[in-house]
Amino acid sequence: MTSVQWKNPVVRWVDSRFPVFSWLHHEYNEYPMPRNCNYLWSFGAISMVMLVTMILTGLFLAMHYTASTTTAFTSVERIMRDVNYGWLIRYVHMNGASFFFIAVYIHIFRGLYYGSYKQPREILWMIGVVIMLLMMATAFMGYVLPWGQMSFWGATVITNLFSAIPLVGEAIVTWLWGGFSVDNATLNRFFALHFVTPFVIFGVVVLHVAALHAPGVGSNNPRGIDMKGPQDAVPFNPYMTVKDSFAIVLFLIVFLGFTFYVPNYLGHPDNYIPANPLVTPPHIVPEWYFLPFYAILRAINFNVLFIDAKLGGVIAMFGAIAVLFVLPFIDRHPVRSARYRPLYRKFFWILVANVIVLGWVGAKPAEQPYVAIGQVATFWYFFHFLVILPWLNFVERPDPLPTSIAEPVLKGGGRLAAGAATAKPMEKA
Amino acid sequence: MAETVSSAPGGHGAHAGETRRDFLYLATAAAGAVGAAAVAWPFIASMNPAADTLALATIDVDLAAIQVGQSITVTWRGKPVFIRHRTAEEIATARAVPVSDLKDPQTDEARVQKAQWLVMVGICTHLGCVPGGQKTSDVKGDYSGWFCPCHGSHYDTSGRIRKGPAPTNLLVPDYRFTNDTSIRIG
């Protein structure tokens with residue numbers, strides 16, 4: 001860290017006692033970014049903007065919402081009709097959840113394509129998977145709060161997943177509910193937890209960024225090779241601040257387009273029917289961002305040895321996330337970026353298509369042919385991570401890597417620093 | 001005192017001193033773990049059903065008005081309870097099934113106290129949806145009992161699982177007849 005001579009005497013006084021200005025300068029001004037990062041690298045910043053948007057709109061919604069089974073639904077309708085700008089704040093929050101997941105899913109697939117989970121970024125990636133899990137829990141509990149039919153029955157189906165645990169399952173479900181069904185106690189605790197988990201996410205995001213900015217780590221880039229020196233980098237400010245700002249504006253245009261013109265497109269109309277514990281909607285579907293996982297849950301409709309179908313589905317669904325958590329230890333191919341891995345690149349796009357198929361199946365009723373398609377797609381999901389990736393470790397011959405980041409950018413590396421022109425895969429800068 | 005607590009590492013007394021320090025470490029850690037568990041317990045227990053929730057755990061139902069072939073749904077502990085006044089034909093169908101054909105083997109006799117009254121929690125044992133079949137217009141499934149639309153479980157006229165992903169029969173709650181035409185559930 002180069003120490004900065006601050007001109008303003010107040011800044012200098014503060015900084016010499018608590019170097020917050022030096023930290024900010026180091027992490028967000030001079031922080032070196034690979035010069036070849038494309039717009040897919042903006043989705044981290046976009047996710048951060050969405051997190052702040054959700055916390056801010058959620059705070060103001062909480063000032064009007066009442067967490068009680070008798071008043072929750074009407075308090076949300078009151079927000080929509082009577083509270084000043086309540087419709088705007090709620091629609092931003094509602095669609096914000098979807099667009100937060102869009103940003104995060106793009107961010108994750110970018111990491112998968114460019115091998116951003118590989119050495120030395122394994123812990124960075126694993127912290128990210130924890131953030132995704134926390135987001136899922138938060139989004140699930142938030143969807144329960146309006147206390148519509150989908151809220152109630154989604155909560156019932158998902159909390160009942162825990163009853164699949166042998167011996168203690170029923171006791172755990174009763175404990176989660178605080179009663180014998182999803183009821184007032186459940187709604188109250190979900191509201192409390194939905195309020196606090198975003199701040200937990202914020203804390204884990206700080207860890208995520210700290211793991212990225214750790215010495216010797218830093219951002220990956222489309223070529224997946226390390227920066228060799230200053231000729232490969234640009235300072236974060238103004239290059240990335242401007243680029244990220246532009247990407248954020250484009251993203252917000254799409255997000256607010258949905259919010260203003262089709263605010264209920266991504267939701268389910270049944271959630272505007274007040275919750276009724278005695279009538280199950282004929283077709284329960286989760287929010288779109290859970291559909292691939294829901295399809296995996298439903299794909300296991302057969303017993304596997306002593307594991308019955310219900311427990312098997314739950315294990316498969318959580319396994320689908322657990323496999324991401326240990327991905328850095330499965331894919332040990334030394335080349336990071338799919339640009340130089342012709343086989344991995346093909347399997348990556350098959351995986352993307354496979355996840356989209358899973359999402360499509362998750363929205364369909366549990367009938368043929370959807371069940372069979374879901375089973376094939378579930379099989380492929382695990383086959384990709386548990387068989388294909390280890391197999392590629394041994395057989396894939398990568399295309400030749402460029403010698404440095406600057407070389408292809410500057411056509412022959414005219415400004416290369418002496419001795420910086422030789423790069424090997426995964427070599428430390 | 002300095003004699004008893006040897007602080008010279010590697011000295012003759014070191015072994016005895018380390019052992020005693022190890023014991024103190026372990027004892028402190030054990031006390032800390034017990035203390036942490038004691039602190040955690042009230043918080044965890046507070047999430048279990050409260051006294052007033054438990055107090056609502058009993059209801060009385062008058063069966064006199066229910067005609068043969070008619071079903072009613074009552075709410076007990078926030079869940080629907082199906083009460084069906086079964087026809088002689090339904091009882092005969094349920095009792096004719098060999099127990100060995102069942103996924104969750106149970107005789108019809110074991111599921112009722114009086115043959116014409118079938119009382120059970122109307123929650124699918126798969127993932128908690130409410131099966132249809134209470135109204136005459138509902139889809140009753142392949143076994144003329146109840147059918148869960150969520151994931152396609154079929155129940156027979158005794159509420160037993162016959163087809164689909166549900167692992168067990170519809171639950172029969174604890175209940176007793178307080179007189180010939182009324183029951184207390186819970």
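Computed from a prediction, not measured in an experiment: that's the story for all the values here. Just so it is clear, the values below take in all heavy atoms, side chains as well, and ignore hydrogens, waters and symmetry mates.
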Exercise for review: Please check if the side chain of Lys79(B) supplies one atom and the backbone of Ser181(A) the other of a donor-acceptor pair under 3.5 Å.
Suggested key: no
Does any heavy atom of chain B fall under 4.5 Å from the side chain of [X], the backbone, both, or neither of them?
X	value
Leu161(A)	both
Leu278(A)	both
Trp153(A)	side chain

For the residue pair [X] and [Y], what are the closest heavy atoms and their distance?
X	Y	result
Pro80(B)	Pro277(A)	CD-O, 4.0 Å
Thr156(A)	Gly128(B)	CG2-O, 3.4 Å
Lys310(A)	His126(B)	NZ-O, 2.9 Å
Leu54(B)	Phe180(A)	CD2-CZ, 3.5 Å

Counting only heavy atoms not in [X], do more than 12 fall under 6.0 Å of its [atom1]?
X	atom1	value
Asp174(B)	CG	no
Glu89(B)	CD	no
Phe382(A)	CZ	yes

Review point. Out of curiosity, Asp183(A) CG to Arg77(B) CZ, how far, rounded to the nearest 0.5 Å?
Key: 12.5 Å
Review point. By a 4.5 Å heavy-atom criterion (distance strictly below it), what part of Ile44(B) contacts chain A: side chain, backbone, both, or neither?
Key: both
**Study point:** Test applied, side-chain contact (heavy atoms from CB on, under 4.5 Å); reference residue, Thr280(A); option that passes from Pro131(B), Cys148(B), Cys129(B)
**Key:** Cys129(B)
